[in-house]
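See below for the structure under consideration.
Predicted, not measured: the structure shown is a model, and the values here were computed from it. Scope of the values below: all heavy atoms of this structure, side chains included, with no hydrogens, waters or symmetry mates. Whatever order the structure lists them in is the order used to number ligands and atoms, beginning at 1.
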Amino acid sequence: MAGTLFDKIIAREIPADIVFEDEHVLAFRDIHPQAPVHVLFIPKQPVATLNDLVPGDEAVVGRLAMAAAAFAKREGFAQDGYRVVMNCNRDGGQTVFHIHLHLLAGRAMQWPPG
Ligand code: AMP
């Protein structure tokens, strides 16, 4: 199966503004930011949607949350706060089928989300 856009970013086949990388996770700025800070945290292991996670994949998602929180602390907005979102399939508004955690910060968020 052809890779997604995010596989191409991992492979450096298309450019991205990368803010963090380790063995398992890549993070880069969203090309259409919805807040002053909008970063996507993705696993290097391709998983299409949250529905496709299987037992044993706990760390795949856990690492995204840990990396996002570490980034928030490093960038100095952890105490002010931020929002993390993972969209799943049509009703969740997912458009790229490689799971990703959105980190949004730099403004007060609304609730409920649209
Ligand atoms: P979602 O709608 O939850 O699947 O999120 C996909 C996100 O990827 C959207 O917020 C897009 O703006 C973002 N996006 C799409 N193409 C790129 C790209 N080339 N570089 C960075 N972010 C992108």
Side-chain angles (χ1 to χ4, degrees):
M1 215 173 95
T4 68
L5 168 67
F6 290 175
D7 290 302
K8 294 188 173 68
I9 289 176
I10 292 168
R12 307 302 204 268
E13 290 169 11
I14 62 171
D17 185 357
I18 292 170
V19 298
F20 172 77
E21 180 171 24
D22 69 11
E23 186 186 350
H24 299 287
V25 175
L26 186 71
F28 50 91
R29 294 190 192 278
D30 197 292
I31 203 164
H32 294 126
Q34 302 301 313
V37 178
H38 187 173
V39 174
L40 302 174
F41 291 80
I42 71 172
K44 290 187 175 175
Q45 172 184 333
V47 177
T49 79
L50 282 176
N51 295 333
D52 298 302
L53 291 164
V54 295
D57 284 344
E58 292 82 2
V60 174
V61 179
R63 287 188 192 105
L64 304 183
M66 297 289 291
F71 179 81
K73 289 175 192 159
R74 210 160 52 239
E75 294 294 308
F77 58 80
Q79 288 308 314
D80 285 346
Y82 54 93
R83 179 165 292 168
V84 295
V85 176
M86 295 184 78
N87 297 325
C88 184
N89 278 342
R90 183 195 60 206
D91 283 0
Q94 185 175 7
T95 59
V96 179
F97 289 85
H98 180 130
I99 59 169
H100 47 281
L101 180 147
H102 295 256
L103 167 63
L104 299 141
R107 63 171 172 82
M109 303 293 154
Q110 305 298 310
W111 194 265

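In this structure, G93 counts as a contact residue of ligand 1, since one of its heavy atoms falls inside 4.0 Å of the ligand. H100 counts as a contact of ligand 1, since one of its heavy atoms falls under 4.0 Å from the ligand.
Considering each of I42, I31, D30, the one bringing a non-hydrogen atom nearest atom 7 (C) of ligand 1 is D30.
Proximity to L40 (heavy-atom distance under 4.0 Å) selects the following atoms of ligand 1: 7 (C), 8 (O), 13 (C), 22 (N). Taking every heavy atom of H32 and a limit of under 4.0 angstrom, the matching atoms of ligand 1 come to 12 (O). Near T95, with a cut-off below 4.0 Å to any heavy atom, the atoms of ligand 1 are 1 (P), 2 (O), 4 (O), 5 (O), 6 (C). Near R29, meaning under 4.0 Å from any of its heavy atoms, are these atoms of ligand 1: 21 (C). Numbered from 1 in the order shown, with element, the atoms of ligand 1 that lie under 4.0 Å from a heavy atom of N87 read 1 (P), 3 (O).
Looking at heavy atoms from C-beta onward, P43 lies out of side-chain contact with H24 at the 4.5 angstrom threshold. Put simply, the side chain of N87 does not reach to within 4.5 Å of the side chain of L50, judged on heavy atoms. Side-chain contact between L104 and V37 is absent, with no heavy atoms from C-beta onward closer than 4.5 Å.
A donor-acceptor pair is defined here as one N or O able to donate and one able to accept, closer than 3.5 Å; no such pair exists between the side chain of R83 and the backbone of H102. Proximity of a side-chain donor or acceptor of D57 to a complementary backbone N or O of V60 within less than 3.5 Å is not detected.
Listed by chain and residue number, R29 satisfy the salt bridge (charged side-chain N to carboxylate O under 4.0 Å, His left out) test with D17 (two or more places apart in sequence, or in another chain). For R12, the salt bridge (charged side-chain N to carboxylate O under 4.0 Å, His left out) test picks out E21, with sequence neighbours left out.
When only interatomic distances are considered, the shortest N/O to N/O separation between F6 and ligand 1 does not fall below 3.5 Å. For ligand 1, the polar-atom distance check finds no N/O of Q94 at less than 3.5 Å from any of the ligand's N/O atoms. By the 3.5 Å distance cut-off applied to N or O atoms, H102 is counted among the residues near ligand 1.
Between H100 and F6, the two ring planes are perpendicular [angle over 60°; tilted spans 30° to 60°].
In terms of protein heavy-atom proximity, atom 15 (C) of ligand 1 is nearest to L5 CD2, 3.7 Å.
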